[in-house]
Amino acid sequence: MFHLLEKRIGEAFASRIEELYGVKGATQTEQPKQSSFGEIAVPAAFQLARQLRKAPKAIAGELAEAAGSIAGVASVEIAGNGYLNVRLDRGYYGAGLLSGGEGPRAAAADKIIVEHTNINPNKAAHIGHLRNAVLGDTFVRMLRATGRNVEVQNYIDNSGVQVADVVVGFRHLENKSADDVRGLIAAPKFDYYCWDLYARISSYYAEHPEALQWRRDMLHAIEQGEGADAEMGSLVADAIVKTHLATMWRLNIVYDVLPRESEILHLKFWATAFELLKERKAIYFENEGKNKGCWVMPGSAFREGGGGEGEEDSKVIVRSNGTVTYVGKDIAYQLWKFGLLGKDFYYHKWHKYPDGHQVWASTDQPRPEAFHGKRRFGAGSRVYNVIDSRQSYLQDVVEAGLRALDFTTQADNSIHFSYEMVALSPRTCVEMGVELSEEDKRKPYVEVSGRKGLGVKADDLIDKLTEKALDEVTSRHAEETEDSRRKSARAIAIAALRYFMLKYTRNSVIAFDFGEALSFTGETGPYVQYATVRARRILGKLAERGETLPEFRSLLSREAMARQLENEDCWQLLLTASKAESAIERAVASGEPAHVARFAFDLAQGFSTFYQKFHVLDEPDAEKRTFLLWMTDYFRAQLERTLGVLGIEVPEYM
RNA sequence: GCGCCCGUAGCUCAGCUGGAUAGAGCGACUGACUUCGAAUCAGUAGGCCGGGGGUUCGAGUCCCUCCGGGCGCACCA
């Protein structure tokens with residue numbers, strides 16, 4: 001509703017401006033800082049002042065005069081030195097909300113691909129990965145909530161160095177056979193086992209550089225895809241991917257398809273991309289200098305303002321030994337995402353979630369259960385790669401690759417959805433018993449490192465949060481069964497975690513601190529849940545008293561709405577609650593899930609004041625009581641909807 | 001050296017494409033549970049938005065510069 005009026009008012013003034021001054025263009029609207037100024041402000045007079053060489057105030061006067069009547073608008077006033085402040089017709093607005101407002105939106109035909117999570121399948125997920133997955137998943141939910149068609153991909157680098165290292169660990173440090181590893185996989189916490197093993201082999205390499213030959217051999221064996229080492233590699237990678245999906249499922253995060261690097265290799269995606277790059281002269285063969293014998297992309301392709309004719313700035317795509325680098329594979333993969341490669345994977349069913357959702361994984365052979373044609377993956381019109389900002393250089397190269405191939409539109413639609421890293425606060429390091437170097441102690445935060453095994457594992461954090469939530473729930477609801485209390489505790493823990501990961505904007509470094517992450521008061525997920533639970537409770541009490549929810553539409557006429565909304569508190573609260581659509585749309589436009597989180601908090605805060613101020617069920621005046629009940633139900637619906645976009649569930653009690 | 005990001009209240013952070021008197025949470029201090037649940041609410045204190053220039057009707061927001069901090073800049077992924 002608010003969204004609708006913003007648009008209508010903007011358009012109305014745009015057409016008046018064109019009529020009066022012959023100036024075309026969209027007219028922007030704002031939300032005034034002070035509620036006493038009205039609901040929507042139009043600063044158009046300031047922009048026009050320069051072009052027309054006229055005082056803003058005079059222009060504002062003429063515009064206000066010409067405004068005429070706009071449906072839903074009560075008045076237009078001139079304020080300050082040229083603002084146009086619009087006051088809405090409260091009865092109209094309330095009645096509009098009651099009758100369901102905006103109507104359904106048209107479903108989009110084209111597909112947006114969001115790639116997120118992308119954890120190396122060689123160890124347990126940690127908090128850094130959580131930020132990626134929560135950010136990606138929430139953005140997906142935002143896009144879907146606003147009618148977009150989205151496909152979620154989780155790229156699995158199952159044939160890279162990190163997997164190879166863990167297999168080297170099993171083979172050379174532990175002398176394990178494939179069956180030994182199968183045994184470990186069957187036992188709990190295989191991902192934790194690998195976490196430690198990975199740290200061990202990393203430090204072994206540091207002390208015994210000659211052991212790096214093991215890695216090279218292993219990498220080769222895994223890439224070939226044959227032999228005992230390759231078997232162990234896929235065993236490890238597949239098992240770890242399963243643990244990652246399980247961890248993410250705890251957080252309500254699911255995927256549609258898992259494209260795997262092994263298939264990119266075996267199906268020769270790269271070979272096709274390579275031919276294309278050569279043909280269109282996006283890369284060239286270097287005959288001299290330090291990159292002699294390599295295929296490279298000139299630096300001028302991806303660096304601002306060029307500079308880069310020199311070899312210093314160019315990026316190797318194919319090494320002198322003929323193997324392709326990571327970026328090269330990524331270019332091939334990106335081409336596939338846009339359906340530009342002329343090739344596709346085969347797929348098989350990888351995993352079915354408890355709710356029935358099916359995840360597919362790529363495979364290099366046709367399989368009986370594979371599908372054809374109809375529901376192909378990839379071939380999106382826009383691609384969001386959720387990857388931390390440290391990789392922006394490589395992302396620039398990938399984009400430049402598309403551009404060099406003349407896929408300009410696709411390059412423009414390749415979006416690096418970047419975010420800053422999650423580090424550890426020094427205090428948290430101490431709590432975890434990590435010894436810090438003198439240098440690290442002076443830093444504001446310490447970087448997480450898989451190689452050093454330094455980090456907070458995702459499952460540990462979720463467990464810790466759940467236990468704390470369970471304590472809180474138990475202290476209030478000792479009468480409930482353990483199962484029931486655990487169920488609430490899980491929802492609360494996930495809310496705390498997801499909200500914590502979302503409340504910071506993307507390019508702010510999070511210095512992870514247990515104290516802050518474990519907080520359930522103030523601007524947190526549980527706070528928002530609490531407001532929702534309370535709203536539901538009021539409606540629940542109504543039922544307990546033997547009453548049903550009134551027929552709002554017949555009982556609350558437009559006049560009744562107008563009467564009730566004369567109350568300034570009610571009006572302001574309703575206004576806040578009705579901005580969900582507008583807030584989500586704005587957050588999509590700015591690519592900032594934190595804005596949705598912020599809105600959820602505002603909403604919850606609004607309801608909390610409402611709850612405090614009005615005793616709904618004890619209200620003696622019949623019309624007012626009906627109105628307050630409607631407000632309660634409306635808040636409940638908006639809270640639930642917004643929490644849904646954040647991937648947060650509402651517990652029955654807390 | 002080059003590129004990107006950050007610097008706003010004691011702490012952690014918001015501030016949408018420049019707009020009216022810069023906002024939250026935590027922490028501190030006052031108050032409010034016989035009430036639809038206090039994981040809450042009402043209130044107080046706390047700011048030269050890192051410094052300095054500029055652009056204009058107007059700058060936390062844009063440009064330049066300096067100072068502090070972080071991250072990148074491999075024939076690693």
Side-chain angles (χ1 to χ4, degrees), chain A residues 28 30-34 37 41 43 46 49-50 55-56 79-83 85 120 157 160-162 215 261 290-296 299 303-305 307 312-313 315-327 329-330 388-394 396 418 420-421 423 425 443-445 447 469 472-473 475-477 492 503-505 507-511 513 515-516 519-524 526-527 529-531 533-535 537-542 544-545 583 586-587 589-590 592 594-595 597-598 601-602 605 608-609 611-618 628 632 653-654:
Chain A
Q28 50 172 297
E30 298 171 0
Q31 297 176 35
K33 289 218 162 150
Q34 273 191 52
F37 291 152
F46 296 110
R50 195 168 318 156
N81 47 354
Y83 269 101
N85 287 335
N120 269 301
D157 183 4
V161 175
Q162 296 215 16
R215 171 194 274 176
E261 190 180 65
K290 64 165 188 157
N291 292 334
K292 185 176 178 182
C294 300
W295 286 90
V296 302
R303 281 192 199 279
E304 284 294 315
E312 291 300 322
D313 290 323
K315 174 72 195 167
V316 172
I317 304 296
V318 179
R319 303 180 187 104
S320 52
N321 67 4
T323 57
V324 59
T325 59
Y326 166 76
V327 201
K329 281 182 275 192
D330 221 19
D388 78 82
S389 62
R390 285 172 289 194
Q391 305 218 36
S392 57
Y393 166 67
L394 295 172
D396 287 348
S418 75
E420 274 291 348
M421 62 175 171
S425 75
K443 289 186 175 178
Y445 42 74
E447 201 170 342
E472 297 282 343
V473 171
S475 73
R476 294 170 176 80
H477 299 278
I492 294 163
K503 71 193 280 193
Y504 302 93
T505 48
N507 51 14
S508 147
V509 177
I510 298 180
D513 187 89
E516 282 175 38
S519 165
F520 295 162
T521 62
E523 198 196 334
T524 65
Y527 174 90
Q529 284 178 315
Y530 187 63
V533 167
R534 281 170 137 191
R537 185 54 55 94
I538 293 175
L539 302 169
K541 283 274 174 193
L542 188 75
E544 277 176 32
R545 295 186 185 186
R586 222 181 284 259
S590 61
E592 202 58 90
H595 293 164
R598 181 72 212 181
F601 179 68
D602 288 343
Q605 221 173 22
S608 293
T609 19
Y611 184 92
Q612 181 75 16
K613 213 161 248 171
F614 303 100
H615 285 243
V616 179
L617 296 178
D618 299 334
L628 292 177
T632 306
Y653 60 90
M654 57 191 290

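Lettering of chains follows the sequences in order, A, B, ..., and the numbering in each one begins at 1.
Rounding to the nearest 0.5 Å places OG1 of A:Thr505 at 10.0 Å from CD of A:Glu420. In this structure, CD1 in A:Ile538 is found 4.5 Å from OG1 in A:Thr632, a value given to the nearest 0.5 Å.
Comment: A:Glu523 engages A:Arg598 in a salt bridge, judged by a side-chain N to carboxylate O separation of less than 4.0 angstrom.
Spacing between atom CG of A:Asn507 and atom P of B:C4 amounts to 14 Å, rounded to whole angstrom units. In this entry the distance linking OH of A:Tyr504 with P of B:G25 reads 15 Å, nearest Å. Between the NZ atom of A:Lys443 and the C1' atom of B:C71 there is a distance of 10 Å, rounded to whole Å. Distance, A:Asp513 CG to B:C13 P: 10 Å, rounded to whole Å. Following rounding to the nearest Å, A:Gln391 (CD) and B:G3 (C1') show an atom-to-atom distance of 16 Å. The nearest whole Å value for the distance from the CZ atom in A:Arg390 to the P atom in B:C4 is 19 Å. Separating the CD atom of A:Glu516 from the P atom of B:G27 is a distance of 11 Å, rounded to the nearest angstrom. Rounding to whole angstrom units, CD of residue A:Gln31 and C1' of B:G15 are separated by 13 Å.
Annotation: salt bridge (Lys or Arg N to Asp or Glu O under 4.0 Å) contacts of A:Lys613 (sequence neighbours excluded): A:Asp569. Residues satisfying the salt bridge (Lys or Arg N to Asp or Glu O under 4.0 Å) criterion with A:Arg390, sequence neighbours excluded, are A:Asp388, A:Glu447. For A:Ala597, the side-chain contact (heavy atoms from CB on, under 4.5 Å) partners are A:Tyr499, A:Leu502, A:Leu646, not counting sequence neighbours. A:Arg534 pairs by the side-chain hydrogen bond (donor to acceptor under 3.5 Å, both in side chains) definition with nothing, not counting sequence neighbours.
Of the residues near RNA chain B, A:Val161 and A:Phe46, the one whose nearest nucleotide (by heavy atom distance) lies more toward the 5' end is A:Phe46. Residue order along RNA chain B, read from the 5' end via each residue's closest nucleotide, puts A:Glu420 first among A:Glu420 and A:Val316.
One can find a donor-acceptor pair under 3.5 Å joining the base of B:C75 and the side-chain atoms of A:Ser320. For A:Asn291 and B:A74, a side-chain-to-base donor-acceptor distance below 3.5 Å is absent, hydrogens and geometry of angles not being considered.
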**OP:** Take nucleotides 35-40 of chain B nucleotide by nucleotide from the 5' end and write B, S or -, depending on whether a protein heavy atom sits under 4.0 Å from the base, only from the sugar-phosphate, or from neither.
**Re:** BBBSBS
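A donor-acceptor contact shorter than 3.5 Å is absent between the side chain of A:His595 and the backbone of A:Ser590.
Base orientation for B:C33: syn, the chi torsion being within 90° of 0.
RNA chain B contains the following stems of three or more consecutive Watson-Crick or G-U pairs, with both distances under 3.5 Å: B:1-7 with B:67-73, B:10-13 with B:23-26, B:28-32 with B:40-44, B:50-54 with B:62-66.
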